[in-house]
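Values below: every heavy atom of this structure, side chains too, minus hydrogens, waters and symmetry copies.
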Amino acid sequence: MKYPTLLTVVTSLLIIRLFHLYIVRSWYVPDEYWQSLEIAHYVTFGYGYRTWEWIVGIRSYISISWIVILYKILKYFSLDTLQLLIWSPRFLQTLFSTFSDYCFVCWIQKHAKCSNVFWPVVCYMSNPFLAYCSTRTLVNTLETNLTTIALYYYPWSLKNKDVKFLWIVALACIIRPTAIIVWFPLIVFDFFAHKRYTVNNLIRYICIGLMSLIFSITLDSYLHGSFVVTQWNFLYYNIIKKVNAHYSVEHCYWYFVSGLPPVLGPIFFILIYCFIKKLRHINLYDTDSKLAITIFWSLSVLSMVSHKEQRFLLPLFPMIFFITSQQISIVCKKFIKLGIFTIILNIIILIYLGRYHQIGSTKVMSHLAEIPQNSTLLFLMPCHSTPLYSHLHLNITTRILTCEPNLHGISNYTDEADIFFENPKKWLEESYSVKSNNSFPTHIVMFDKLLNKVQGFLTKGKYKSILSIFHTDFPSVRTGHYIYVFSCIEYPNYIV
């Protein structure tokens, strides 16, 4: 069978990911901005907002170094326009994702058992969740890129004794320490399959790990302003102190019941079939067996952590689509209309999620970026419901409802956002009373669901509605269908 040329493959992958970049404009999770663009903006331009993770030092600056470099280049050439600050990191992330997609195609062509990888690759590229995240500046997306590239370079054959994949794995673990969960089984398989327990090989393993860690400690300590080992802090706060449980706690079986099925769609049932089939013939020298064990191990370990999110599963996607590739090819060839229907449905889901669901959070910022320089902003929303300075690029006073976990062991601790939503009227009266010495903000941003509870405060401050933006058809408890902006200064009235 004649395979398409390298140029054809790369061009096709790039066009697909650029389409995803064009489609995805919506809000997903705060980390896309608050753990990347906001910090890069703070480092580059000297003003912005640092979340508690960066104050206590559980995040490595290596994960955002590429954005900082990009921002500094834009600043140096006076090209730091708002649109370039927003879209250039996402464009660069799209290029990263395209390269990792190419590595996935090469890997599956070389090592998968299916004779034709067309359908598995198409299903992989059109997966709505992967497409939804592939152009976002999430550390999970970067981790997935690195994992895919490392899987390509991993020595699956006993003849291949190369260890260059370890450098990529080390980088992934420095950026996100939980990556070691995914890579532990594969490193063990490689260690024993290639008999790397000689002194020279042990030294090589240790040197790669130490050099990567020393580089991370040096850079992070310099930028944090004091000696810090971010990887240890990450594990200490999230695993030992379990502060991540502050944000949500799910059952131990959540990934198997609610985590994987929605993001994989029909592929989930093929995955279950492949797992059952593989259990009958486990061969530790077989690629599919290694990957099946790695996937099950990763899901089991991640299930022990109380805080769970679907994006934490992203690094497993290339492995899942690899071991299901043969069955995907068989099913799609046999039921070609079903395969085409699935692809079309995936595109429709992506368009809805990217263009309509939770669109208000990013859309409202483009309007707020046009307010006068002397304005002050108050966001009466669940914490981190919108981007901030990375989408304003204005050195103005802002206030958000914070939601830091209980870092200091305070009894009966309640974060600011919870206090506000328990009694919005009381919080506003206390925060903007005569005793507080806080002046009223010029602009207030909130979801429509809150309007009735703060109407008295808005009337008292002589605020008028200047903007109404659609947000979502499926609001949560504290969000709403629309986002409102109120102003107490003269400002053009318009509705979007």
Side-chain angles (χ1 to χ4, degrees), residues 13 16-33 36 90 93-94 96-98 100-101 104-105 108 119-148 151 176 178-179 182 248 250 254-272 274 295 298-299 302-303 307-325 328 332 339 341-359 361-362 472-474 476:
L13 296 174
I16 293 171
R17 289 305 182 206
L18 287 175
F19 170 71
H20 297 159
L21 175 64
Y22 172 74
I23 290 297
V24 177
R25 306 289 180 93
S26 58
W27 171 268
Y28 173 38
V29 289
D31 283 15
E32 179 182 357
Y33 310 103
S36 57
R90 287 199 58 188
Q93 177 58 66
T94 302
F96 289 163
S97 292
T98 302
S100 74
D101 294 333
F104 173 78
V105 173
I108 199 172
W119 279 110
V121 170
V122 169
C123 289
Y124 177 81
M125 294 297 293
S126 66
N127 177 271
F129 185 65
L130 189 60
Y132 188 62
C133 298
S134 64
T135 64
R136 296 183 182 274
T137 51
L138 281 166
V139 69
N140 311 94
T141 302
L142 184 58
E143 180 191 355
T144 303
N145 296 155
L146 293 172
T147 298
T148 308
L151 287 169
R176 188 162 175 80
T178 50
V182 174
S248 70
E250 306 293 347
W254 186 85
Y255 281 124
F256 298 95
V257 176
S258 303
L260 265 181
V263 296
L264 284 181
I267 305 299
F268 178 75
F269 300 103
I270 298 178
L271 176 65
I272 297 300
C274 292
I295 293 168
S298 301
L299 288 172
L302 288 171
S303 295
H307 179 62
K308 301 175 180 66
E309 293 186 47
Q310 290 171 326
R311 61 191 173 100
F312 298 161
L313 301 175
L314 279 170
L316 299 179
F317 269 55
M319 302 182 197
I320 290 171
F321 277 87
F322 184 99
I323 66 173
T324 59
S325 59
I328 290 174
C332 289
F341 172 76
T342 302
I343 303 305
I344 294 173
L345 183 61
N346 285 345
I347 295 172
I348 293 172
I349 292 171
L350 176 65
I351 291 173
Y352 177 77
L353 292 176
R355 284 286 177 153
Y356 298 100
H357 180 57
Q358 299 187 150
I359 192 67
S361 291
T362 52
T472 180
D473 291 312
F474 305 99
S476 62

Quiz item: In terms of ring plane angle, is the pair Y356 and Y352 parallel, tilted or perpendicular, where the classes change at 30° and 60°?
Solution: parallel
Quiz item: Okay, side chain of K308, backbone of S303: is any donor-acceptor separation there less than 3.5 Å?
Solution: yes
Quiz item: Any sub-3.5 Å donor-acceptor pair from R25's side-chain atoms to R355's backbone N or O?
Solution: no
Self-check item: E250 side-chain N/O to Y255 backbone N/O, donor-acceptor pair under 3.5 Å
Solution: no
Practice problem: Have a look at T144 and tell me which of V139, L316, L314 forms a side chain to side chain contact (heavy atoms under 4.5 Å, CB included) with it. | Solution: L314
Practice problem: Go through the steps to decide whether L264 and F317 satisfy the test side chain to side chain contact (heavy atoms under 4.5 Å, CB included), and finish with yes or no. | Solution: CA-CA 9 Å; L264 284 181; F317 269 55; 4.1 Å; yes
Quiz item: Does S26 reach the main-chain N or O of L353 with its side chain, forming a donor-acceptor pair under 3.5 Å?
Solution: yes
Quiz item: Is it the case that E143 and T147 place a side-chain donor and acceptor less than 3.5 Å from each other?
Solution: no
Quiz item: Which pair of heavy atoms, one from Q358 and one from Y28, lies closest together, and at what distance?
Solution: NE2-O, 4.0 Å
Self-check item: From OG1 (T98) to CG (L21), nearest 0.5 Å
Solution: 9.5 Å
Practice problem: Measure across I343 and S126 and return the closest heavy-atom pair with its distance rounded to 0.1 Å. | Solution: CD1-OG, 3.3 Å
Quiz item: So, does T141 use its side chain to make a donor-acceptor pair with the main chain of C133 at under 3.5 Å?
Solution: yes
Practice problem: On the 0 to 90° scale, with breaks at 30° and 60°, tag the Y33-W27 ring pair as parallel, tilted or perpendicular. | Solution: parallel
Quiz item: Rounded to the nearest 0.5 Å, how far does OG1 of T148 lie from CZ of F104?
Solution: 8.0 Å
Practice problem: Could you tell me which non-hydrogen atom of F312 sits nearest to which non-hydrogen atom of N140, and how far apart they are? | Solution: CD2-ND2, 3.6 Å
